[in-house]
Amino acid sequence: MFSSAMIAIAELSLREIALQLREPFHISSGFTDVRRVVLVRLGDEDGAEGWGECVAGEAPHYASETVDTAWLAIRDWIAPRVVHHPVPGPEELHVRLDTAIRGHRMARAAVEMAMWDLVARRQGVALSALLGGVRDRVATGISLGLQPDVDTLVRQAVTARDAGYRRIKLKIAPGRDLPFVSAVREAVGASVPLSVDANAAYTPADTEQLKALDDLRVTMLEQPFDGDDLVRHAALQRALRTPICLDESITSMARLEDMVTLGAGRIVNLKPGRVGGFTESRRIHDHARRHGIPVWCGGMLETGVGRAHNVALASLPQFELPGDLSPSERYWVRDIVTPPWTMTHGTLGVPTDRSGIGVDVDLDYVDDLTTRADTIGD
Ligand code: OSB
Ligand code: MG
């Protein structure tokens, strides 16, 4: 435990690693095979450390940020505002970065979340406790990528149901939607929660097609239209019984306020990386709680480091629905943390008895996987 009132970062280390997914992951706008991941390590003047993971993808399929833009943003614009510039804590760091840098939220989040980990470790408390978490286990859902044919998807969904996942999410796109979803519904039975995620693949011209989802008892339709299309989502929500869940659209607390004002959706997929980190995530969480809007924690094919951050966040009270928080073995032959994340009865345990993120980064393995590295500071 340390008592100093200011956090003084002496060093920010960037590493890029390449980690092969067990199977390629297809969404409507592209696919991932080898996951390139930027890891951030902060070290302070007292020798405490904190880890963060940047969720930006290899290509701008999901959002405009990429691994390469995030690397540049962290190295040239974020790190110089963090290293040797003491700050009272991560919330003040968020304000500092938010004031100086437009966009680049995934890059900012990786550094801000590393500072939350560092502060938790300095205080000797679990990250979940520092954030205000109330759960010691979080419910796990699985996100199944687009498949070439109905049978393959049905097989995967049945396997996921039998493994105990609490919710199965199917990626959809025009031409790969209703027959796929209805075959899965038929195969898994009426009681398994099913949801669908379009990753912005539709337009208002598809409204009649999307209305057919109302008969398939899906718990939500995630992000049918472009992230900027809040007004169009509101019109669609008025035409649908199925709740719309917004993902790409919710880049900040202000967008959630807009969603509520416009009636553009009824559920929020909260990804801390997408909104610039935990400070903004907690504001979104609290606002959703005030308005009775269910929240769940999304995923971005994270390694065990990013998963630790997501699990800590998902322990907050308004996370009422299962998150895209699958165990390590769903994604990787070997994860970069010990212990790896494991699922029991469709849940992951929150490491409440350890300080910070609660898992150890396997440094030797990370070194083996590293494709580039840079250090700002000492
Ligand atoms: O839209 O939720 C999404 C993965 C990459 C980009 C966007 C999304 C996803 C997922 C994966 O659905 C969820 C996971 O990490 O398990
Ligand atoms: Mg999504």
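Quick note: numbers below take in every heavy atom, side chains included, and nothing from hydrogens, waters or symmetry partners. Ligands are counted one by one from 1 in listed order, and the atoms in each one are counted from 1 as well. Quick caveat: nothing in here was measured; it's all calculated off a predicted structure.
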Exercise. Okay, side chain of Glu49, backbone of Arg41: is any donor-acceptor separation there less than 3.5 Å?
Worked result: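 A pair under 3.5 Å: no.
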For this session: Could you tell me whether a side-chain N or O of Thr242 sits under 3.5 Å from a main-chain N or O of Leu221, the two making a donor and an acceptor?
Result: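 Side chain of Thr242 to backbone of Leu221, a donor-acceptor pair under 3.5 Å: no, none is there.
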For this session: Output all residues satisfying side-chain contact (heavy atoms from CB on, under 4.5 Å) with Arg266, sequence neighbours left out; order by chain, then residue number.
Result: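 For Arg266, the residues satisfying side-chain contact (heavy atoms from CB on, under 4.5 Å) (neighbours in sequence not counted) are Gln237, Pro243.
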Problem set entry | From OH (Tyr165) to CD1 (Ile142), nearest 0.5 Å | 4.0 Å
Exercise. For ligand 1, what are the residues with a heavy-atom contact below 4.0 Å?
Worked result: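 Its neighbours under 4.0 Å (heavy atoms only) are Phe25, Tyr62, Ser143, Lys169, Lys171, Asp197, Asn199, Glu222, Asp247, Lys271, Gly299, Met300, Leu301, Asp324, Tyr331, given by chain and number.
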Problem set entry | Test: Arg36 and Glu58 ion pair at under 4.0 Å | no
Problem set entry | Lys/Arg-Asp/Glu bridge criterion (N-O < 4.0 Å) met for Glu91, Arg282 |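 Salt bridge flag = yes for Arg282 with Glu91.
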For this session: Identify which protein N/O/S atoms are less than 2.8 Å from the Mg ion (ligand 2).
Result: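 Those protein N, O or S atoms (cut-off: under 2.8 Å from the Mg ion (ligand 2)) are Asp197 OD2, Glu222 OE2, Asp247 OD2.
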For this session: Any ring pair (Phe, Tyr, Trp, His ring centres under 6.0 Å) involving residues 180-228? Give me the pairs, sequence neighbours left out, ordered by first then second residue.
Result: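 Qualifying pairs, neighbours excluded: Phe225-His233.
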For this session: Would you indicate whether Glu320, at its atom CD, is surrounded by more than 12 heavy atoms from other residues, nucleotides or ligands within a distance under 6.0 Å?
Result: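 Yes.
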For this session: Run the numbers on Asn269 and Glu222 for side-chain hydrogen bond (donor to acceptor under 3.5 Å, both in side chains), then give the verdict.
Result: CA-CA 8 Å; Asn269 169 340; Glu222 186 175 338; 2.9 Å; yes
